[in-house]
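Have a look at the structure below before the remarks.
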Number of protein chains: 2
Amino acid sequence: MDAAEDRTGRHDDRDTRRALLHAATFVFADRGFDAATLREVTRAAGANIAAVNYHFRSKDELLRLTLEQCLGPLNAARLGAMKACEGDPQPTLRTVLRAIVAPLVELSLDERGGRAAIRLMLQTKALPRALTNEIFAEQFDELHRLSRRMLQRAAPELGEAQIALRYEYIRGAILHIVADLDPNARRMPGLEDIQDHVSNSALIDDIISFCETGFSTSD
Amino acid sequence: MDAAEDRTGRHDDRDTRRALLHAATFVFADRGFDAATLREVTRAAGANIAAVNYHFRSKDELLRLTLEQCLGPLNAARLGAMKACEGDPQPTLRTVLRAIVAPLVELSLDERGGRAAIRLMLQTKALPRALTNEIFAEQFDELHRLSRRMLQRAAPELGEAQIALRYEYIRGAILHIVADLDPNARRMPGLEDIQDHVSNSALIDDIISFCETGFSTSD
DNA sequence: GTCTATAAGTAGATAGAC
DNA sequence: GTCTATCTACTTATAGAC
């Protein structure tokens with residue numbers, strides 16, 4: 001018998017809870033938090049409707065935990081790459097840019113949750129609320145500060161404000177292309193080929209090249 | 001007496017209808033289409049709840065008309081700038097980029113609807129559905145095709161796929177920075193100054209410079 | 001921990017008076 | 001065209017049996 005079940009056939013504490021979080025990631029990402037119903041989530045999780053209340057108390061609290069579970073690994077991967085950079089005494093701009101770009105592109109390949117996590121993140125970013133802004137701040141503020149500090153180190157000739165602006169351009173470019181390549185995105189006319197068969201390592205290098213020269217401009 | 005009212009004090013056909021569309025732009029943009037209720041919209045429009053059904057038949061149909069009213073001017077401004085470019089026999093890359101960047105940044109300043117229109121567009125892009133994808137295709141496909149054609153003309157040394165990818169990077173950078181500068185966006189730590197007092201003509205030039213050098217990279 | 005049943009609220013849509 | 005009143009169909013959340 002599965003270790004997760006006791007002799008009554010009931011699931012362990014954590015089983016249903018995890019199934020709910022996993023299902024919520026996809027249902028929220030696909031339909032949007034507001035349009036998604038708890039019934040859809042519990043159906044996808046193979047759980048009973050009352051389980052949400054038992055494990056999370058409310059829909060909002062389920063969103064909080066789901067987002068945290070999504071953003072945690074996302075943040076960890078990005079922060080890890082950036083901290084590896086930080087250890088480098090003289091990181092090149094390209095090294096820093098790779099640490100910004102690669103984790104996002106790579107996670108967007110993971111269909112077991114990474115891609116949905118990114119979709120949920122983008123959707124949540126596009127519709128700011130108190131609850132989610134708070135979570136974003138907890139998850140990403142350190143990463144963004146560190147990233148700007150590393151960019152500054154790799155390009156000491158630029159002012160702080162310039163760095164901050166260009167960091168945003170870079171983030172925009174990456175997030176947008178990652179969203180475009182999601183199979184759920186609208187097919188752009190004349191871009192179908194790219195949306196369907198871009199090689200990801202080539203894409204990473206291409207974005208980095210674009211950002212590198214853009215970032216180094218002196219105008 | 002106002003020409004819009006007849007002797008019974010009732011509004012002209014178009015008055016309530018327009019108030020509803022205007023209110024829907026803001027309510028949908030602020031709260032998200034799914035979370036927004038028709039009662040909020042009608043309250044904001046100073047209209048009766050039944051007016052939506054009379055003028056638009058359903059919430060979905062109100063969204064369709066609202067989006068079309070928002071995206072129409074957005075598209076017209078961008079398409080106009082790009083067509084002006086098309087008239088130029090030898091447009092520089094910078095000229096083409098300005099036609100891509102300037103209309104969006106300028107419209108994001110317009111608090112009478114432009115900014116809300118952009119917010120609604122971004123939010124709608126982040127949560128694709130059949131209804132809205134259809135509207136996006138009608139509104140923007142021509143613009144995107146033309147933009148890529150003009151970029152190709154300004155940078156004939158690049159391949160079609162390169163142009164398409166880099167056009168997406170550029171769009172991403174612009175849309176992201178425009179979203180960041182919206183007062184409704186989350187305050188980014190260490191970016192508050194930029195979010196609060198960036199001069200828009202300086203911003204346009206800065207984005208263009210970033211994109212221009214990035215676009216011209218030969219790697 | 002999980003289930004059924006239900007409470008309590010609110011949504012979009014509509015009928016019909018004016 | 002506009003209004004009030006209401007219908008129907010959900011929703012989240014919960015109480016209580018197992």
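Letters A, B, ... are given to chains in the order of the sequence lines, protein chains preceding strands, and every chain is numbered from 1.
Here dG1(D) presents its P atom at 6 Å from NE2 of H55(B), a figure rounded to the nearest Å. Spacing between atom NZ of K59(B) and atom P of dA11(C) amounts to 9 Å, rounded to whole angstrom units. The CZ-P distance, from R17(B) to dT2(D), rounds to 12 Å in whole Å. For the pair L62(B) CG and dA13(C) C1', the computed distance is 14 Å after rounding to whole Å. If you take CG of L63(B) and C1' of dA13(C), they are 17 Å apart, rounded to a whole angstrom. Rounded to an integer number of Å, the gap from CD of E61(B) to P of dT14(C) is 13 Å. Atom P of nucleotide dC10(D) and atom CG of D34(A) are separated by 19 Å, given to the nearest angstrom. Rounding to whole angstrom units, CG of residue L20(A) and P of dG1(C) are separated by 12 Å.
Looking at D206(B) and Y169(A), their side chains do bring a donor and an acceptor atom within 3.5 Å of each other. Between the side chains of R166(B) and Q162(B), at least one donor N or O lies within less than 3.5 Å of an accepting N or O.
Ranking dA13(D), dT2(C), dA13(C) by closeness to the L38(A) side chain, first place goes to dA13(D). Of the candidates dT14(D), dT2(C), dT4(D), the closest approach to any side-chain atom of I49(B) belongs to dT4(D). The side chain of S58(B) approaches dA13(C) more closely than any other nucleotide in the set dA13(C), dT2(C), dG1(D). For A50(A), counting side-chain heavy atoms from C-beta on, the closest listed nucleotide (dT2(D), dT14(C), dT14(D)) is dT14(D). Checking dT11(D), dG12(C), dT2(C) against the side-chain heavy atoms of T16(A) singles out dT2(C) as nearest.
Note on N48(B): a side-chain N or O is less than 4.0 Å away from OP1 or OP2 of dT4(D). For the pair N53(B) and dT14(C), the criterion of a side-chain N or O lying under 4.0 Å from OP1 or OP2 is met.
When heavy atoms are screened at a 4.0 angstrom cut-off, A36(B) is found touching the sugar-phosphate backbone but no base atom.
Between D141(B) and R186(A) there is a salt bridge, since a side-chain N of the basic residue sits under 4.0 Å from a carboxylate O of the acidic one. Salt-bridge formation is not detected for the pair R31(A)/D34(B): no Lys NZ or Arg NE/NH1/NH2 atom is positioned less than 4.0 Å from an Asp or Glu carboxylate oxygen.
Sparse packing is recorded around CD of E142(B), with 12 or fewer heavy atoms of other residues, nucleotides or ligands lying under 6.0 Å away.
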